[in-house]
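Naming convention: chains lettered A, B, ... in sequence-line order (proteins, then strands); numbering from 1 in each chain. Atom set for the values below is all heavy atoms of this structure, side chains included, hydrogens, waters and symmetry mates excluded.
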Amino acid sequence: MITTEGLGKQFGDFWAVDGVTLHVEQGEVLALLGQNGAGKTTTVRMLTALLAPTRGWARVAGYDVVRDAAQVRASVGVLTEQHGLYMRMTGAEYLDFFGQVYRLDASGRQKRSRYLMEYFGLAEVTHQRIGEYSKGMRQKLALARALIHEPPVLLLDEPTSAMDPESARLVRDEIANLRSSQRAIVICTHNLAEAEVLADRIAIIYRGRVLLNDTLEALKRRVLGPVEYEVKLSTAWDSAGLKLPAGITLNERKATSLRFRVEKPQIANPLLMQELASRKAPVVALQEVPRSLEQVYLKAMSQAVQR
Amino acid sequence: MVEKLRPVWLLARRELRDQFRDWRILFPLIVLTVLFPVLMDSVAGSAVEFVNDYGGNLVVDRLVPFSILIIGFFPITVSLVVALESFVGEKERGTIEPLLSTPFLDWQLYLGKLLVGVFFPLLASYIAIALYLFLVRYQDLNLPSIYQIVQLLTLTTAHAVLMVSGAIAVSTQSTSVRAANLLASFIVLPVAFLIQGESALLFWGNDQVLWMAVLAVSVLAALLVRVGLAHFQREYLLGREIDSLNLRWMWHTFWRSFFGDARSLWSWYRDEVGASLRALRVPLLLIVALMVAGGVLGFEWTAANVPAMLGETSAEDMGRIAEQLQMSAGVVSADLQFSFLTIFGHNMQAVMIMLFLGMFSFGVLGALVFVANMSVVGAALAFFQLFGFSPWTIFWAGLLPHGIFEFPAVMFASAAVLYLGAMLVTPDPTRTMGEVFIQALANWFKICVGLVLPMLAIAAAIETYITPNLLLKVMG
């Protein structure tokens, strides 16, 4: 649905995006993470056929972003960094205008905009001027605009910024629904928790280049190392004589817990449990130590800065 | 085609609706539409009474058409405000990106904005003119003919399109509304001069010349629209964040275009000037045609109209004309001989005026200066004929010796000005408007320094030291 190869954009002497290669399938959500100015928005603008790549190529919904720019724009729904709403229009007028832009017929426009306004909880303010909307309402309306023509590709820049938790949850649910309806979605976000929940794949961009691009689990393994497990004990227990099965590296030893890394947990963990049981260790639980995207991101960034 | 124009109307309709809700646009429009005709009517009434006391009938006759021109012009000044902020205003408000992300084509966006800028102010202009004409009926004044009203309405429409297209070009090139407003003087001042010139034509009372002015303004407006369309780039609207006058970049761009890859004077002439000259083939053909047309028209018009005028001229004036003619041909007394520098400076001045006028009119005014010069040459030859000299003798002895260099030099300069205009109106998605302008200017200077300047220097030397002696010998 979205494919880029060596995509680059130069402004003057500065390469804002440099050799970005991405692939987003139907039904997949890709989160683009990176610092401000890393090149996320420029990448999205190239995918929207707003900026022409200086080098490389990109195809969106089967169309080339340079050759078939109009078709690309017709196939994507874009939520820009700024809402970009016309403050003197009412919400209904606004959606109707964009419905016409995307050539929906009158009844289709009406149906679709009524559905979106209701879905995002804006039904009561449909006929109010957008200037009177709250920040969150404006964000929801902007998202409704991006969805008005049911595009096969969605490019969302900070989709839940400025939203209250309830609305943000609503938007996240909607994005999840859209994924299941076979769309390709790209989200630029600084909200790592949101990316963790929504994204199938995560690409971390640093100074215009893709540092990492993989599933969350694969990124965790790659950046933070093999999965870490923890054995919890009910009372203090001397683990000094414990014989660790092959493949297990002990990281931390405390009186009531043990932390270790393991390459093949399906083989090593049962052996460890047998060893602990044979030594009558008061085991309460064996669990994976949770690792967040934030840890992955921060470590990747610090490594990139050091390089 | 209708289907392709649908987005233009869609965009325009949305913005018109938006404007209709903005009192900052509506208020001045209403005031200028309603109050100004009333004010003008009252002023015209008083002016008529005053002028009638002194028998100035012609002035009175022209006062109403002049007032129509002015009344029509004031509401369309609002169009400037609307058009100036059309793109850059959307950029500042952050609404440009969603709009640019739609499947609208570039020309549809541009024409939509043009329509928005022109529609309300022009409507207000027409209403104001109608209101004024209605009021005039109740004064003791003559209403202009339908023919004249059509002429003035056409002129008002051309003014609106000219100003709006210029303002949109400014709007697409600016990064803030403030910068766009500052640049607006480049539209307001030339249009103000234009209105003054048209007012003079109105009082002069020559309908045909006024039609020519209507045509010229319309052509200029069309060219500006073309420039706007040619250089409208979505990327440019999003790519720039601040206005900066990068003199270093400007100089480098100019320098690179002027010298190209030349390593020596010879390679510069061979590769750079040669390439520029080859690009001038079509403009040169046009200039040759204009030269012949201008010369023939000047000659024919003088031969047909001047004898009747001369019949009414006194002997003293005739003597003065003959003296002027001799001077214009270079036949001067020894103590009045022009120096090389005077002639060279005069010719260079003419070339620079052509460039200056051509820069602001896409080459059109530059070429017109050339045509006007050729008409004068034709007229001068006709004058000589009327005064009993052979025009061919004057041509061979008084013009050709230095003209062999001077005519081609001026033709090259004029063709290069036309080419400069053509470059500006030619779409080029790879370069910005500023880049195109600097490179076109560098191209003109290449021709000027490489060819025009040396040729004019040789021509001036011949005109100073050879032509007068030759003419004196031939004419006795």
Side-chain angles (χ1 to χ4, degrees), chain A residues 9-14 16 41-42 44-54 63 66 68-90 93-94 96-103 129-131 138 141-143 145-146 148-149 151 153 155 157, chain B residues 3-4 6-26 86 89-109 112 116 232-242 244 246 248-249 252-253 428-432 435:
Chain A
K9 181 70 194 174
Q10 191 178 25
F11 295 110
D13 297 330
F14 171 68
T41 303
T42 305
V44 166
R45 281 177 176 175
M46 283 193 278
L47 296 179
T48 326
L50 284 180
L51 299 179
T54 311
Y63 299 109
V66 177
D68 318 308
Q71 286 95 325
V72 168
R73 286 186 212 117
S75 311
V76 298
V78 187
L79 178 69
T80 49
E81 226 171 337
Q82 288 173 297
H83 312 125
L85 305 169
Y86 296 114
M87 297 299 167
R88 286 194 197 91
M89 291 179 107
T90 67
E93 286 171 347
Y94 186 73
D96 188 66
F97 169 68
F98 276 93
Q100 287 184 68
V101 168
Y102 290 105
R103 294 170 175 262
R129 294 236 177 135
I130 298 169
R138 289 177 191 179
L141 185 66
L143 190 59
R145 174 199 67 217
I148 188 82
H149 57 304
V153 173
L155 305 170
D157 209 346
Chain B
E3 200 50 29
K4 281 188 174 173
R6 206 182 67 91
V8 176
W9 174 237
L10 179 64
L11 181 74
R13 202 177 53 190
R14 190 209 70 73
E15 293 216 19
L16 288 173
R17 194 189 290 174
D18 228 29
Q19 280 182 21
F20 206 65
R21 290 168 177 172
D22 192 346
W23 64 269
R24 290 167 304 179
I25 292 171
L26 283 183
S86 54
E90 289 229 28
K91 187 180 175 181
E92 267 191 0
R93 289 189 293 274
T95 53
I96 195 80
E97 201 168 340
L99 189 68
L100 297 181
S101 307
T102 60
F104 282 143
L105 300 172
D106 286 356
W107 67 266
Q108 290 168 335
L109 282 170
V116 172
F232 180 84
Q233 285 180 39
R234 286 169 199 246
E235 183 160 344
Y236 196 71
L237 285 171
L238 289 173
R240 288 174 66 206
E241 295 300 333
I242 48 162
S244 55
N246 192 342
R248 217 174 123 195
W249 170 82
H252 273 281
T253 307
D428 185 353
T430 60
R431 293 184 293 169
T432 63
E435 225 172 328

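- A/Ala69 does not touch chain B: none of its heavy atoms, backbone or side chain, sits under 4.5 Å away.
- B/Glu3 touches chain A through backbone and side chain together, each having a heavy atom under 4.5 Å away.
- Not a single donor-acceptor pair under 3.5 Å links the side chain of A/Arg73 to the backbone N or O of B/Ser101.
- Distance check, rounded to the nearest 0.5 Å: CH2 of B/Trp9 to CD of B/Gln108 gives 15.0 Å.
- Interface residue A/Arg145: only side-chain heavy atoms are found under 4.5 Å from chain B.
- With a 4.5 angstrom heavy-atom cutoff, B/Leu100 touches chain A via backbone and side-chain atoms both.
- Within the 3.5 Å criterion, the main-chain N or O of A/Gln10 finds a donor-acceptor partner in the side chain of A/Thr54.
- Interface remark: of the candidates A/Glu93, A/His149, A/Met87, A/Glu93 forms the most heavy-atom pairs closer than 4.5 Å to chain B.
- Contacts with chain A were tallied for B/Arg13, B/Arg93, B/Glu90; B/Glu90 has the most, counting heavy-atom pairs under 4.5 Å.
- Shortest non-hydrogen contact noted between B/Trp107 and B/Lys4 is CH2-O, 3.6 Å.
- Residue with the most contacts toward chain B among A/Val101, A/Val78, A/Thr80, A/Leu50: A/Leu50 (heavy-atom pairs, distance under 4.5 Å).
- With rounding to the nearest 0.5 Å, the separation of CZ in B/Arg17 from CZ in B/Arg21 is 6.0 Å.
- Between the side chain of B/Arg14 and the main chain of A/Tyr94, no donor-acceptor pair closer than 3.5 Å is present.
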